[in-house]
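Here the structure comes first, spelled out in structure tokens, and everything after it is commentary.
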Amino acid sequence: MSSHIRRSMPLFPIGIVMQLTGLSARQIRYYEEHGLVSPARTEGNRRLFSFNDIDRLLEIKDLIEQGVNLAGIKQIFASRKQAEQPEQPKQPNKSNTPATPKVVKQDLSEEELRELLRTELMQAGRFNRATLRQGDMARFFH
DNA sequence: ATTCTAACA
DNA sequence: TGTTAGCA
């Protein structure tokens, strides 16, 4: 069984996640409201988190502690998603239009990822400065 | 006993 | 964010 399936399996209720992450239920639910995590739900509407969700929450916690606000975290996750699938294929281009040779990068080296992140954060700093950095973003440019 | 949503001293 | 109220 592939690991990504196990990691995405809905397993733990919020109480366990609180202990595992050190986050309050309020925070966990709040991050969900902002789309940072999307735990599954039971029939009774109880949240069930997967290992992926927990990793995600730990990452969020880390970023929060470093002074990044939700807007910044959203952007970081966004640029990351972009790195995975730069573009989603449209309807199976059947007719004539010769599809643009989109070079899809499946894997990004850590350096490329850093560069991508740096660029992303700098653009944000261009106009979203006050919004993005509450603390010192310098840590991200190491 | 736990979790959920909504609301606010 | 914490906390509390009122449900399920």
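Proteins come first, then strands; the chains are lettered A, B, ... in the order of their sequence lines, and each starts at number 1. Since the structure is predicted, the reported quantities are computational estimates derived from the model, not experimental observations.
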*Check every strand shown and say whether A/Gly15 touches a base, only sugar-phosphate, or nothing at a heavy-atom separation below 4.0 Å.*
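Sugar-phosphate, backbone atoms only, no base.
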*Assign A/Arg47 to base, sugar-phosphate, or nothing according to its heavy-atom contacts below 4.0 angstrom with the strands shown.*
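Contact class for A/Arg47: sugar-phosphate only.
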*Backbone of A/Thr21 reached by a side-chain donor or acceptor of A/Lys61 within 3.5 Å*: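 Indeed, once roles are kept as given, a pair shorter than 3.5 Å links the two residues.
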*Spell out, as yes or no, whether a donor-acceptor pair under 3.5 Å connects the side chain of A/Ser50 to the backbone of A/Arg7.*
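Side chain of A/Ser50 to backbone of A/Arg7, a donor-acceptor pair under 3.5 Å: yes, one is there.
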*asked:* Once pairs are restricted to Watson-Crick or G-U wobble with both distances under 3.5 Å, how does DNA chain C read as a dot-bracket string, [ ] for crossings and | for other-strand pairs?
replied: .|||||.|
Roughly, in whole Å, what's the span from [atom1] in [X] to [atom2] in [N]?
X	N	atom1	atom2	value
A/Phe49	B/dT2	CZ	C1'	13 Å
A/Phe12	B/dT2	CZ	P	18 Å
A/Leu48	B/dT2	CG	P	16 Å
A/His34	C/dT1	NE2	P	10 Å
A/Glu33	C/dT1	CD	P	12 Å
A/Gln19	B/dT3	CD	C1'	14 Å
A/Arg26	B/dA7	CZ	P	12 Å

_Taking only side-chain N and O atoms of A/Arg41, does any of them lie within less than 4.0 angstrom of OP1 or OP2 on B/dT5?_
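Indeed, a polar side-chain atom of A/Arg41 lies that close.
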*Is A/Arg46 near enough to B/dT2 that one of its side-chain N or O atoms lies under 4.0 angstrom from OP1 or OP2?*
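Negative; the distance criterion is not met.
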*Among B/dT3, C/dG2, C/dT1, find the nucleotide with the atom closest to the side chain of A/Tyr30.*
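Selected nucleotide (nearest to the side chain): C/dT1.
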*Of all the choices, C/dT1, B/dT3, B/dT5, which nucleotide is nearest to the side chain of A/Asn45 once you look at every atom?*
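So the side chain of A/Asn45 is nearest to B/dT5.
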*Kindly indicate whether the side chain of A/Phe77, heavy atoms from C-beta on, has any atom under 4.5 Å from the side chain of A/Ile60.*
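Touching, per the 4.5 Å side-chain cut-off.
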*Would a 4.5 Å heavy-atom cut-off, applied to side chains only, mark A/Phe49 and A/Leu20 as touching?*
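Side-chain contact under 4.5 Å: no.
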Quick one: [atom1] on [X] to [atom2] on [Y], what's the gap to the nearest 0.5 Å?
X	Y	atom1	atom2	result
A/Arg47	A/Arg29	CZ	CZ	5.5 Å
A/Leu11	A/Arg6	CG	CZ	11.5 Å
A/Ile64	A/Tyr31	CD1	OH	4.5 Å

*So, does the side chain of A/Arg29 form a donor-acceptor pair with the base of B/dT5 at under 3.5 Å?*
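When only heavy-atom distances are counted, A/Arg29 does not reach the base of B/dT5 through any donor-acceptor pair under 3.5 Å.
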